[in-house]
Amino acid sequence: MSPDPAPLLDRVRALCLALPETQERESHGSPGFLIEGGKFFAYFWHNHHDDGETVVIVKTTGADEQAQLIELDPACYYKPPYLGASGWIALRLGAPAIDWDRVGDRIAISWELAAPRHALEAGGR
């Protein structure tokens, strides 16, 4: 867990809000990012229910991809409470060396999974 989540949230916020038609809205006490008038595609949690983690939570294509990511890198990925049952994945941000390219890619993929057809047809990210 990061002792000061503000710089991490700033990075996640910048990655999310750089995507088309996005906005930020609090969801259950934490920052959430959604496509305007549509669906959430990312959440930022810091020490959620005292779990000791600082994470960004994003959509996957489903349980198979979620399981593959966790198997590939369990130090980075895990199945978050509540959202994990629907195929979402958490990426740990508390490590000293964060691969921000990987974080940005996962956020963009999640946006694509939630985006309406007109946003994707307009060029997406």
Side-chain angles (χ1 to χ4, degrees):
M1 178 176 76
S2 172
D4 179 11
L8 300 174
L9 174 56
D10 289 344
R11 290 285 297 265
V12 168
R13 180 179 284 130
L15 289 167
C16 290
L17 296 179
L19 296 165
E21 301 184 31
T22 62
Q23 62 187 39
E24 180 177 349
R25 185 169 74 203
E26 189 171 303
S27 176
H28 303 284
S30 297
F33 302 91
L34 67 154
I35 297 167
E36 294 172 1
K39 301 177 182 180
F40 280 91
F41 66 92
Y43 298 94
F44 180 87
W45 286 0
H46 174 71
N47 201 28
H48 187 71
H49 295 297
D50 298 318
D51 67 0
E53 300 281 1
T54 302
V55 300
V56 61
I57 300 170
V58 295
K59 295 174 83 64
T60 68
T61 57
D64 289 342
E65 182 183 20
Q66 181 192 57
Q68 289 173 340
L69 290 168
I70 293 168
E71 183 178 337
L72 173 72
D73 191 351
C76 177
Y77 299 107
Y78 73 94
K79 184 176 176 177
Y82 315 113
L83 299 170
S86 298
W88 291 66
I89 194 84
L91 285 84
R92 290 181 174 93
L93 301 176
I98 300 166
D99 183 349
W100 285 106
D101 289 336
R102 178 179 4 190
V103 173
D105 284 346
R106 291 305 321 174
I107 288 172
I109 291 165
S110 185
W111 179 91
E112 290 170 349
L113 291 170
R117 175 170 281 162
H118 78 269
L120 294 170
E121 289 173 352
R125 57 179 167 133

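The residues of the chain are indexed from 1 along the displayed sequence.
Atom CG of Leu9 is separated from atom OG1 of Thr54 by 10.5 Å, given to the nearest 0.5 angstrom. Note that CG of Asp73 and CZ of Arg102 are 4.5 Å apart. Values are rounded to the nearest 0.5 Å. To the nearest 0.5 Å, atom OG1 of residue Thr22 and atom CG of residue Leu34 are 8.0 Å apart. Taking CD of Gln23 as the start and CZ of Phe40 as the end, the distance is 8.0 Å to the nearest 0.5 Å.
Minimum heavy-atom separation, Lys59 to Ser110: N-OG, 2.8 Å. Looking at every heavy atom in both residues, Tyr43 comes nearest to Gly32 through CD2-CA, 3.9 Å. Nearest heavy-atom pair, Ile57 versus Ala90, reported as atom, atom and distance to 0.1 Å: CG1-CB, 4.0 Å. The two residues Ser30 and Phe44 have their closest heavy-atom pair at CB-O, 3.3 Å. Closest approach of Ile35 and Ala115 over heavy atoms only: CD1-CA, 3.2 Å. The nearest pair of heavy atoms linking Trp88 to Pro80 is O-CD, 3.4 Å.
Using a 4.5 Å heavy-atom threshold, the side chains of Phe33 and Arg13 count as touching. Side chains of Tyr77 and Val55 form no contact here, defined as non-hydrogen atoms less than 4.5 Å apart. Considering only heavy atoms from C-beta on, Leu15 stays 4.5 Å or farther from Val56 through its side chain. Side-chain contact between Trp111 and Pro20: present, with at least one pair of heavy atoms (C-beta onward) separated by less than 4.5 Å.
Judged as a salt bridge (Lys or Arg N to Asp or Glu O under 4.0 Å), the pairs with a partner in residues 90-101 (not counting sequence neighbours) are, in order, Glu53-Arg92.
Surrounding CD of Glu71 are at most 12 heavy atoms belonging to other residues, nucleotides or ligands under 6.0 Å away. More than 12 heavy atoms of other shown residues, nucleotides or ligands fall within 6.0 angstrom of atom CG in Asp10.
By the side chain to side chain donor-acceptor pair (under 3.5 Å) test, Glu65 pairs with Thr61, Arg106, sequence neighbours left out. In this view, His28 satisfies the side chain to side chain donor-acceptor pair (under 3.5 Å) rule with no residue, not counting sequence neighbours.
A donor-acceptor distance shorter than 3.5 angstrom exists from the side chain of Gln66 to the backbone of Gly84, with no hydrogens or angles considered.
The aromatic rings of Trp45 and His48 sit parallel, their planes meeting at an angle under 30°, below the 60° perpendicular limit.
For the residue pair His49 and Tyr82, a side-chain donor N or O sits within less than 3.5 Å of a side-chain acceptor on the partner.
In terms of hydrophobic clustering, with Ile, Leu, Val, Met, Phe, Trp and Tyr side chains grouped at heavy-atom distances under 4.5 Å, Trp100 and Phe41 are assigned to a common cluster. No single ILVMFWY cluster, assembled from side-chain heavy atoms under 4.5 Å apart, contains both Val58 and Tyr78. Leu8 and Ile89 fall within the same hydrophobic cluster, defined by Ile, Leu, Val, Met, Phe, Trp and Tyr side-chain heavy atoms under 4.5 Å apart, directly or through other members. In this structure, Ile98 is a member of the same hydrophobic cluster as Ile107, with clusters built from ILVMFWY side-chain heavy atoms closer than 4.5 Å.
Just one residue in the list Leu91, Leu17, Leu93 forms a side chain to side chain contact (heavy atoms under 4.5 Å, CB included) with Val12, and that residue is Leu93.
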